[in-house]
Amino acid sequence: MGHGFVRRPVYMWNMIFWVLNNLTFVHSHLLSRTMRFLHISPIYWKRLLVIFAFGLMTQLLGRHRQKSPSQAFTAEHPLFSPSTQTCQPKSHIVFLKTHKTAGSTVLNMLNRYGDRNSLTFALPQKHQFNYPSLFNANMVRGYDELNKPTYDILCHHMRFNLPEIRKLMPSDSFYFTILREPATLAESSFSYYHSVSRVFKRAPNLTEFIAHPLYFYKPGEKGNQHARNFQWFDLGLDPDTPFNESLARAEVREIDRVFHLVLLSEYFDESMVLLKEELCWDLDDVVNFKLNSRESSTPLKEKEKEMLWAWNALDLYLYVYFNRTFWEKVERFGRERMYIEVRRLRERRQQLAEICLEDLDPVRGNEIKENGIKPFQFGQEKIMGWVVKMDLEPNTRAWCVQMITPELRYKNILDAKQFPGSVRNGSKPTGTSAKLLRP
Ligand SMILES: Nc1ncnc2c1ncn2[C@@H]1O[C@H](COP(=O)(O)OS(=O)(=O)O)[C@@H](OP(=O)(O)O)[C@H]1O
């Protein structure tokens with residue numbers, strides 16, 4: 001599990017050590033006089049030199065991040081260990097990719113990180129882990145109960161099932177997921193799955209569905225997950241359970257116990273900053289372009305939102321709970337610090353967009369001629385994508401292409417990398433590049 005690039009941030013304490021170190025060497029005679037003047041014995045002076053040298057070493061290696069103790073997270077899921085004040089990039093990761101929540105953008109980031117650092121993905125046999133069935137370890141390609149392979153990242157669409165996940169993922173894995181406000185999620189889901197989901201097919205339009213959901217919804221029918229408590233379902237829970245506060249609270253607390261971080265798609269950039277901090281990653285590891293967005297969406301009236309919240313009461317409970325924990329984390333991170341970090345992230349995104357993209361706005365899929373980066377079109381929705389400039393230096397272009405490679409395409413690339421020689425998926429593994437340099 002290599003992390004094949006050098007970290008660049010310069011940390012204050014390392015800088016101080018570096019400056020002192022240079023002063024020590026350049027002005028050693030001056031220093032020794034000062035030490036004598038201050039009545040510090042040569043033995044202490046030597047010890048100080050060792051400390052300075054150590055400072056220089058850490059500065060040069062730049063692998064460990066110094067964190068200010070005042071920013072320490074003391075919650076159940078610490079953002080970093082306050083005792084050591086350093087962190088190591090995490091590479092054992094379980095991401096529950098919920099549906100219609102910006103999960104594809106998060107997934108792309110995980111794909112890139114794992115690809116660049118030669119991490120091993122637990123990949124599905126086909127496109128996803130037999131969704132909507134509950135996840136089972138045997139759905140992972142190459143998994144073998146007796147001779148267990150080791151995996152670093154599990155991140156493709158699945159219905160969460162912790163005991164099975166624990167069979168294959170390391171015990172120190174970092175669990176995270178992403179949620180979206182249930183009414184806008186319902187609007188996205190209705191438009192995306194309208195042509196495939198039986199319940200939605202029966203409804204002439206979203207307005208009718210919102211007005212009479214029970215008329216169209218038949219419990220236990222295939223495809224129902226798209227129509228009610230979608231996130232609750234993806235978390236492995238029963239979306240048809242009648243709402244009951246104490247049950248909802250117990251389930252949500254259990255989710256909070258298992259997941260180290262729950263992101264919010266409405267606050268995507270703040271989410272990326274928290275994630276970067278928790279994973280001890282670099283800014284470039286979490287910078288992204290929005291993927292899988294529709295050309296347009298239907299604005300909801302207040303009344304419609306309320307009706308959708310009532311219909312998706314379990315998802316609403318989930319969202320409200322994790323909205324609170326999210327902002328508590330932001331508070332502990334520091335609002336001012338968050339503001340600065342979000343600005344850095346946006347500036348970097350803008351910089352990369354200017355380097356990589358023909359257009360700073362997403363374009364329709366049919367305007368993208370390059371097959372590897374055409375967004376996956378599903379149902380009648382127009383899914384938007386990006387055009388990468390052609391005249392880029394190859395390394396830069398490969399980086400840019402990675403940032404917008406759609407999930408199925410990227411899955412095939414990773415699959416071909418992990419299972420070389422096996423002919424499947426009809427995809428040639430072009431575009432993987434384990435050691436890309438930043439543009
Ligand atoms: N960065 C960022 N910030 C906020 N929102 C974002 C982002 N990236 C994607 N999206 C929106 O997420 C919706 C697609 O979600 P998914 O990628 O999870 O969909 S899928 O289940 O994998 O098909 C889709 O929402 P709708 O456009 O409303 O359908 C995307 O626009």
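Whatever order the structure lists ligands and atoms in, that order sets their numbers, starting from 1. Sequential numbering from 1 along the given sequence is applied to the chain's residues. If you're wondering where the values come from, they're calculated on a predicted model, not measured in any experiment. Only this structure's heavy atoms are used, side chains among them; waters, hydrogens and symmetry mates stay out.
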For Glu407, the ligand 1 atoms with a heavy-atom partner under 4.0 Å come out as 22 (O)

Closer than 4.0 angstrom, basic N to acidic O: yes or no for Glu347 and Arg344? no

I'd like to know whether ligand 1 has Glu266 as a neighbour, heavy-atom separation below 4.0 Å. no

Nearest neighbour in protein (non-hydrogen) for atom 22 (O) of ligand 1: Lys97 NZ, 2.6 Å

Looking only at side-chain N and O atoms, does Tyr321 offer a donor or acceptor that is under 3.5 Å from a partner on Asp256? yes

Pick one of side chain, backbone, both or neither for how Asn292 approaches ligand 1, counting any non-hydrogen atom pair under 4.0 Å. both

Test item, Glu187 contacting ligand 1 (heavy atom, 4.0 angstrom): no

Hey, is Thr98 one of the residues with a heavy atom under 4.0 angstrom from ligand 1? yes

Any idea which atoms of ligand 1 are less than 4.0 Å away from a heavy-atom of Tyr192? 23 (O)

For atom 7 (C) of ligand 1, which protein heavy atom lies nearest, and how many Å away is it? Lys290 CG, 3.4 Å

Which of the numbered atoms in ligand 1 are below 4.0 angstrom from a heavy atom of Ser188? 26 (P), 28 (O), 29 (O)

Side chains of Tyr131 and Asp234: is there a donor and an acceptor less than 3.5 Å apart? yes

When you measure from atom 31 (O) of ligand 1 to every protein heavy atom, which one gives the shortest distance, and what is it? Ser293 CB, 3.1 Å

Hey, is Asp282 close enough to Lys276 for a salt bridge, meaning N to O under 4.0 Å? no

Does Ser265 approach ligand 1 within less than 4.0 angstrom via side chain, backbone, both or neither, non-hydrogen atoms only? backbone

Nearest neighbour in protein (non-hydrogen) for atom 18 (O) of ligand 1: Gly103 N, 2.8 Å

For Arg159 and Ser133, which I'm curious about, is there any donor-acceptor pair between the side chains at under 3.5 Å? no

Below a 4.0 angstrom heavy-atom separation, can you tell me which part of Asn288, side chain or backbone, both or neither, approaches ligand 1? neither

What is the closest protein heavy atom to atom 27 (O) of ligand 1, and at what distance does it sit? Arg294 N, 3.1 Å

For Arg180, take its heavy atoms, then give the atoms of ligand 1 lying under 4.0 Å from any of them. 13 (C), 25 (O), 26 (P), 28 (O)

Is it true that Glu393 and Arg397 have a side-chain N and a carboxylate O under 4.0 angstrom from each other? no

Set out, in order, the CA-CA distance, both residues' side-chain angles and the distance that settles side chain to side chain contact (heavy atoms under 4.5 Å, CB included) for Phe200 and Phe209, then state yes or no. CA-CA 8 Å; Phe200 286 156; Phe209 178 77; 3.9 Å; yes

Taking atom types as modelled, is there a side-chain donor on Tyr410 or Gln402 under 3.5 Å from an acceptor on the other? yes

Could you tell me if Asn224 and Arg228 have a donor-acceptor pair between their side chains, going purely by distance under 3.5 Å? no

If the test is side chain to side chain donor-acceptor pair (under 3.5 Å), which one of Glu266, Glu181, Arg180, Gln231 qualifies with Tyr319? Glu266

In the protein, what heavy atom is nearest to atom 15 (O) of ligand 1, and what distance, to one decimal place, separates them? Ala102 N, 3.0 Å

Using distance alone, determine whether Phe268 and ligand 1 share an N or O pair under 3.5 Å. no

Report yes or no: is the cationic atom of Lys100 (NZ for Lys, CZ for Arg) closer than 6.0 Å to the six-membered ring centre of Tyr192, at no more than 45° off its axis? yes

Counting each atom of ligand 1 from 1 as listed, which ones have a heavy atom of His99 under 4.0 Å away? 21 (O)

Under 4.0 Å between a Lys/Arg side-chain N and an Asp/Glu carboxylate O for Arg332 and Glu278? no

What is the nearest protein non-hydrogen atom to atom 17 (O) of ligand 1, stated with its residue, atom name and distance? Ser104 OG, 2.5 Å

Does an N or O from Tyr193, backbone or side chain, lie closer than 3.5 Å to an N or O of ligand 1? no

The residue among Leu392, Asp284, Ile355 that forms side chain to side chain contact (heavy atoms under 4.5 Å, CB included) with Trp399 is Asp284

Just to confirm my output: which protein heavy-atom neighbour is closest to atom 9 (C) of ligand 1, and how far is it? Leu291 O, 3.1 Å

